[in-house]
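Chain naming here is simple, since letters A, B, ... match the order of the sequence lines and numbering starts at 1 in each.
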Amino acid sequence: MEKGGVCSPDVVSYTTVIHGLLKEGEVSKACSLFDEMVQQGVVPNVVTYSSIIDALCKAGAMDKTELVLWQMVDSGIQPDNVTYTSMIHGYSTLGRWKEAGKMFREMTSRGIIPDVVTWTSFMTSLCKHGRSREATGIIDYMSAKCHKPNIVLYSILFHGYATEGCFDDMINLLDSMANNAIVPNRQVFSILVDAYAKRGMMDEAMPIFTGMCEQGVIRDVYRWGQGVSPESTVGRLADALNKFVR
DNA sequence: CTAGGGTTAG
């Protein structure tokens, strides 16, 4: 593309290509293009910087990320909730809770509100690090801030508790779901089945499953047991549940 | 009708 011509790229086209290059791991090419962009007098904006920050976060290069964030603010560009979500994602994936917390404080002090994407990312990290109870606490915080948790968020928590073997917490979570008027779906059901079946706790499991069936999950359950060995624990459970279907 | 952030299963 010729400079100064009618076809010279703007910030959107540069950012789009930079993002594409980063996604493919072509970091040095992306850097060159960023330099070229600046030389052409095209000013990078919050999207350009956020793309770079996100790529660095995903590479776990948090020190470099901090430098870019600093450079961004220094050029008078305010980070937004996307920028901070990437930072929080980067730190929490690495289990660096202190720094993640610092990012939360920084963003709120700038008047930027974490949204469902920010929370989903953060809660997933907590659960993967065996901190499902802390992640669950965020649900209450979100509700208080009028941010409705969704079924995916609950699934993440169920999966975390299932991995940790925290059965009482899973039952509490079902109550929390009911309070937020969210009906368990097939995936939630499967996570629960797997958690109990793996530990041979079918007696505890049955009342919950029956309750779920009454909430209409049974139509999905019907197909669920197919392809499972009928002799296996899970297979026998599926068989029992299928009797609820007429 | 301008690009960027997340995600649960057997």
Of the residues in [range], which ones touch DNA chain B at a heavy-atom distance under 4.0 Å?
{"range": "residues 156-167 of chain A", "answer": "A/Ile156, A/His159"}
{"range": "residues 84-94 of chain A", "answer": "A/Thr85, A/Ser86, A/His89"}
{"range": "residues 139-155 of chain A", "answer": "A/Val152, A/Ser155"}
{"range": "residues 56-79 of chain A", "answer": "A/Lys58"}
{"range": "residues 99-121 of chain A", "answer": "A/Asp115, A/Val116, A/Val117, A/Thr118, A/Thr120, A/Ser121"}

**Asked** Under the side chain to side chain donor-acceptor pair (under 3.5 Å) test, which residues partner A/Thr65, sequence neighbours left out?
**Response**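 A/Thr65 satisfies side chain to side chain donor-acceptor pair (under 3.5 Å) with no residue once adjacent residues are dropped.
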**Message:** According to side chain to side chain donor-acceptor pair (under 3.5 Å), who are the partners of A/Thr120, at least two apart in sequence or on a separate chain?
**Reply:**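 With sequence neighbours excluded, A/Thr120 shows a side chain to side chain donor-acceptor pair (under 3.5 Å) to no residue whatsoever.
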**Request:** Please state whether the base of B/dG5 and the side chain of A/Asp80 form at least one donor-acceptor pair under 3.5 Å?
**Result:**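 No, the side chain and the base share no sub-3.5 Å donor-acceptor pair.
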**Message:** Side chains of A/Glu36 and A/Tyr14: any donor to acceptor distance under 3.5 Å?
**Reply:**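 On atom types as modelled, these side chains qualify, holding a pair under 3.5 Å.
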**Prompt:** NA contact type, A/Ser51, heavy-atom cut-off 4.0 Å: base, sugar-phosphate, or nothing?
**Reply:**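 Contact class for A/Ser51: sugar-phosphate only.
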**Message:** So A/Val46, base contact, sugar-phosphate only, or nothing? Heavy-atom distance under 4.0 Å.
**Reply:**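 Counting heavy atoms under 4.0 Å across all strands, the contact made by A/Val46 includes a base.
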Starting at atom [atom1] of [X], determine the distance to atom [atom2] of [N], rounded to an integer number of angstrom.
{"X": "A/Asn185", "N": "B/dG10", "atom1": "CG", "atom2": "P", "value": "14 Å"}
{"X": "A/Ile18", "N": "B/dT2", "atom1": "CD1", "atom2": "C1'", "value": "15 Å"}
{"X": "A/Asp54", "N": "B/dG4", "atom1": "CG", "atom2": "P", "value": "11 Å"}
{"X": "A/Lys198", "N": "B/dG10", "atom1": "NZ", "atom2": "C1'", "value": "9 Å"}
{"X": "A/Leu33", "N": "B/dG4", "atom1": "CG", "atom2": "P", "value": "15 Å"}
{"X": "A/Phe189", "N": "B/dT8", "atom1": "CZ", "atom2": "C1'", "value": "16 Å"}
{"X": "A/Leu126", "N": "B/dG6", "atom1": "CG", "atom2": "P", "value": "16 Å"}
{"X": "A/Glu24", "N": "B/dG4", "atom1": "CD", "atom2": "P", "value": "14 Å"}

**Request:** Kindly work out whether a path of hydrophobic side-chain contacts (I/L/V/M/F/W/Y, heavy atoms less than 4.5 Å apart) joins A/Val38 to A/Leu21.
**Result:**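 Linked, A/Val38 and A/Leu21 end up in one cluster.
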Is there a side-chain contact between [X] and [Y] (heavy atoms, below 4.5 Å)?
{"X": "A/Asn180", "Y": "A/Ser143", "value": "yes"}
{"X": "A/Tyr161", "Y": "A/Ile191", "value": "no"}
{"X": "A/Leu153", "Y": "A/Met142", "value": "yes"}

**Stepwise side-chain hydrogen bond (donor to acceptor under 3.5 Å, both in side chains) test for A/Thr83 and A/Asp80** = CA-CA 5 Å; A/Thr83 322; A/Asp80 63 12; 3.0 Å; yes
**Asked** What pairs meet the side-chain hydrogen bond (donor to acceptor under 3.5 Å, both in side chains) rule with one or both residues in residues 101-112 of chain A, with sequence neighbours excluded?
**Response**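 Listed once each, the pairs are A/Gln78-A/Arg110, A/Tyr84-A/Glu106, A/Tyr84-A/Arg110.
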**Asked** Would you say A/Lys128 reaches B/dT8's phosphate, i.e. side-chain N/O to OP1/OP2 under 4.0 Å?
**Response**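 Yes, because at least one side-chain N or O of A/Lys128 sits under 4.0 Å from OP1 or OP2 of B/dT8.
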**Item:** Nearest non-hydrogen partners of A/Ala135 and A/Met123, listed with the distance
**Value:**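 Where A/Ala135 meets A/Met123 most closely, the heavy atoms are O-CE, 3.3 Å.
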**Request:** Could you pull out all residues at least two apart from A/Phe104 that satisfy ring pair (Phe, Tyr, Trp, His ring centres under 6.0 Å)?
**Result:**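 Checked A/Phe104 against ring pair (Phe, Tyr, Trp, His ring centres under 6.0 Å); matches are A/Trp119, A/Phe122.
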**Request:** With sequence neighbours excluded, tell me which residues meet ring pair (Phe, Tyr, Trp, His ring centres under 6.0 Å) with A/Tyr154.
**Result:**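 With neighbours one apart ignored, the set is empty.
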**Prompt:** Sequence neighbours excluded, which residues qualify as salt bridge (Lys or Arg N to Asp or Glu O under 4.0 Å) partners of A/Arg199?
**Reply:**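 A/Arg199: no salt bridge (Lys or Arg N to Asp or Glu O under 4.0 Å) contacts found.
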**Message:** A/Lys64: which residues meet the salt bridge (Lys or Arg N to Asp or Glu O under 4.0 Å) condition with it, sequence neighbours left out?
**Reply:**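 With sequence neighbours excluded, A/Lys64 shows a salt bridge (Lys or Arg N to Asp or Glu O under 4.0 Å) to no residue whatsoever.
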**Request:** Would you indicate whether A/Asp35, at its atom CG, is surrounded by more than 12 heavy atoms from other residues, nucleotides or ligands within a distance under 6.0 Å?
**Result:**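 For A/Asp35, atom CG is crowded (more than 12 foreign heavy atoms under 6.0 Å).
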